[in-house]
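Have a look at the structure below before the remarks.
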Amino acid sequence: MSYAVSTSITVQQGLLGRVPPLWWAIALLLVAMPMIASNFVLFQIFGWTFILGMISLSLMFLAGYGGMVSLIQMTVGALAGYLVAILGTSGVPTISLGWPWWLYIPAAIIVAALFGTLVGALAVRTEGIYTIMITLAIASAFFYFTRQNYGLFNGYTGFNNVVPPALFGIDWRQPAPFYYLTLACASLAYFAVVYVSRSPFGLALQGVRDNPRRMSALGFSVTAHRILAYTFSSVIAAVGGILLVWQNAQVSPGTAGIPQVIDILVIAVVGGIKRPIGPFIGALIYVLLRVYSPDVLLAFGLSGERFKLLIGLGFLVIVFFSPDGVLGLWEKFKARRAKQADPLRMGRP
């Protein structure tokens with residue numbers, strides 16, 4: 001065995017050794033989930049969690065590493081879903097073009113990413129509340145445009161029977177295949193964000209977030225880095241939007257409605273806006289509340305529609321006690337335990 005190969009294996013083993021055992025246990029549990037979970041849990045709970053987590057992850061990348069809070073991520077995902085229905089096949093053959101999957105899927109992602117890039121080119125020239133407002137305005141405009149346009153977006157009805165292509169003889173909308181599809185896409189998105197955040201571009205973007213004037217003085221293009229961040233995040237949001245449309249087998253203006261746009265922000269903040277795993281934690285909490293809270297409310301004689309009240313109250317409680325979301329609460333808990341154990345380790349009374 002050559003020295004280069006031996007060194008490469010040693011480095012890989014060192015990197016794998018840094019992964020905590022808990023992460024290996026979670027990974028094995030996720031892979032084995034179809035063997036122990038019901039179809040409802042696979043498709044509705046985890047499938048939806050991975051999808052919303054991906055779209056929220058795109059927001060986390062912009063906000064956590066770029067310092068830009070954008071409300072356009074769900075709109076980008078909905079546009080990708082619309083393009084899949086328009087360019088591919090759906091229950092509206094008078095509009096759908098029937099392109100092959102290997103053509104309409106990349107086209108949908110590219111066009112949605114270009115849309116997100118154009119929005120980013122406008123938004124990066126503003127800061128703070130103005131960035132939020134301009135992205136919210138564009139999201140609102142897209143919602144009303146799709147609802148009123150019948151020639152291209154089929155108006156209020158939208159498109160039904162939008163399903164993933166049957167590749168390798170597999171029906172990817174069945175619970176177990178769809179679970180693995182969303183798990184694979186979510187894992188790729190997560191590791192892509194982790195990799196980019198540690199790359200020269202990601203480090204420069206974080207420098208732009210912290211001190212744009214200094215980065216500009218060092219020769220970095222602040223505007224270009226911010227726009228490219230929108231492009232990268234839009235690709236993730238577009239993939240999540242396509243998966244969301246395939247899960248629901250339909251896309252309509254409500255897919256990009258204002259409540260859905262705000263939900264992505266809530267999910268990202270609740271989970272934690274500073275780490276890539278945060279959006280997935282927030283998505284799991286949101287999905288569990290969304291699915292099961294109506295039954296709990298009905299058991300107490302309340303309307304199931306009030307589940308949003310529970311989500312809002314949970315959001316307020318978490319943000320009040322920890323601006324960094326659930327991950328911030330966990331860090332505070334670990335810090336408190338370490339502080340309590342410190343006198344014992346140091347031999348102090």
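The basis for the numbers below is simple: all heavy atoms, side chains too, and nothing from hydrogens, waters or symmetry mates.
Judged by distance alone, the side chain of D171 and the main-chain N or O of R173 form a donor-acceptor pair under 3.5 Å. A donor-acceptor pair under 3.5 Å is absent between the side-chain atoms of T126 and the main chain of L122, judged by distance alone. Side-chain atoms of Y179 come within 3.5 Å of backbone atoms of L30 as a donor-acceptor pair (strictly under, hydrogens ignored). With hydrogens and angles ignored, the 3.5 Å screen pairs a side-chain donor or acceptor of R209 with a backbone N or O of G64. Without hydrogens or angle criteria, S216 side chain to R213 main chain gives no donor-acceptor distance under 3.5 Å.
Among the candidates T182, L188, L181, the single residue satisfying the side-chain contact (heavy atoms from CB on, under 4.5 Å) test with C185 is L181. Of the residues I86, L87, I242, the one that meets the side-chain contact (heavy atoms from CB on, under 4.5 Å) test with Y104 is L87.
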Check step by step if side-chain contact (heavy atoms from CB on, under 4.5 Å) holds for L289 and I285.
CA-CA 6 Å; L289 286 175; I285 295 173; 4.2 Å; yes

Let me see the working for I277 and W23 under side-chain contact (heavy atoms from CB on, under 4.5 Å), right down to the final yes or no.
CA-CA 12 Å; I277 196 62; W23 284 90; 4.1 Å; yes

Go through it in stages, so that I can follow the logic: the residues are V111 and Y82, the test is side-chain contact (heavy atoms from CB on, under 4.5 Å), and I'd like the CA-CA distance, side-chain angles, deciding distance and then a yes or no.
CA-CA 11 Å; V111 173; Y82 264 113; over 6 Å; no

Worked verdict on Y65 versus M60 for side-chain contact (heavy atoms from CB on, under 4.5 Å)
CA-CA 8 Å; Y65 297 125; M60 175 269 149; 3.5 Å; yes

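M74 has its side chain within reach of L244: a pair of non-hydrogen atoms, C-beta onward, lies under 4.5 Å apart. Side-chain contact between Y286 and V270: absent, with no pair of heavy atoms (C-beta onward) separated by less than 4.5 Å. Between Q206 and L203 the shortest side-chain heavy-atom distance falls below 4.5 Å.
Y144 and L136 are assigned to two separate hydrophobic clusters, defined by single-linkage of ILVMFWY side chains at heavy-atom distances under 4.5 Å. Both I55 and V194 are part of a single hydrophobic cluster, where members link through side-chain heavy atoms under 4.5 Å apart. One hydrophobic cluster holds both V326 and L57 under the rule that ILVMFWY side chains link at heavy-atom gaps under 4.5 Å. V196 and F220 sit in two unconnected hydrophobic clusters of ILVMFWY residues. Membership requires side-chain heavy atoms under 4.5 Å apart, directly or through other members. Under a hydrophobic clustering in which Ile, Leu, Val, Met, Phe, Trp and Tyr are joined whenever their side-chain heavy atoms come within less than 4.5 Å, directly or via other members, L103 and I109 fall into the same cluster.
Closest approach of F143 and G254 over heavy atoms only: CE1-N, 4.2 Å. When every heavy atom of V208 is checked against every heavy atom of M215, the shortest pair comes out as N-CG, 3.5 Å. Scanning both residues, A189 and I236, for their nearest heavy atoms gives CB-CG2, 4.0 Å. In terms of heavy-atom proximity, I105 sits nearest to P165 at CD1-CG, 4.5 Å. For the pair S56 and I267, the tightest heavy-atom approach, listed with the atom from each and the gap, is OG-CG2, 3.2 Å. Among all heavy-atom pairs drawn from P34 and Y180, the shortest one is CG-OH, 3.3 Å.
Side-chain atoms of S70 and T135 include no donor-acceptor pair closer than 3.5 Å. A donor atom on one side chain and an acceptor atom on the other are not found under 3.5 Å apart for T89 and S96.
Remark: I51 CD1 to N248 CG distance equals 7.5 Å, nearest 0.5 Å. To the nearest 0.5 Å, atoms CG (L52) and CG (L243) are separated by 11.0 Å. Taking CD1 of I72 as the start and CG of L59 as the end, the distance is 11.5 Å to the nearest 0.5 Å. A distance of 11.0 Å separates CZ in F159 from OG in S252, rounded to the nearest 0.5 Å. One finds the CE atom of M54 at 12.0 Å from the OG atom of S233 (value rounded to the nearest 0.5 Å). Summarising the geometry, atom CD belonging to Q260 is positioned 7.5 Å from atom OG1 belonging to T255; distances are rounded to the nearest 0.5 Å.
Qualifying salt bridge (charged side-chain N to carboxylate O under 4.0 Å, His left out) partners for R275, counting only residues two or more places apart in sequence or in other chains: E331. Shown here are the side-chain hydrogen bond (donor to acceptor under 3.5 Å, both in side chains) partners of S234, two or more places apart in sequence or in another chain: there are none.
Residue Y150 belongs to a hydrophobic cluster whose other members are Y156, with links defined by side-chain heavy atoms closer than 4.5 Å. Other cluster members for I110: L114, joined by side-chain heavy-atom distances under 4.5 Å among Ile, Leu, Val, Met, Phe, Trp and Tyr.
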Return all side-chain donor-acceptor pairs below 3.5 angstrom for residues 35-50, not counting sequence neighbours, or 'none' if the list is empty.
unit_1	atom_1	unit_2	atom_2	d
S38	OG	V41	N	3.3
T49	OG1	I45	O	2.6

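Every pair passing ring-ring contact (aromatic ring centres under 6.0 Å, His included) that includes a residue from residues 230-271 is listed here, sequence neighbours excluded: F61-F232.
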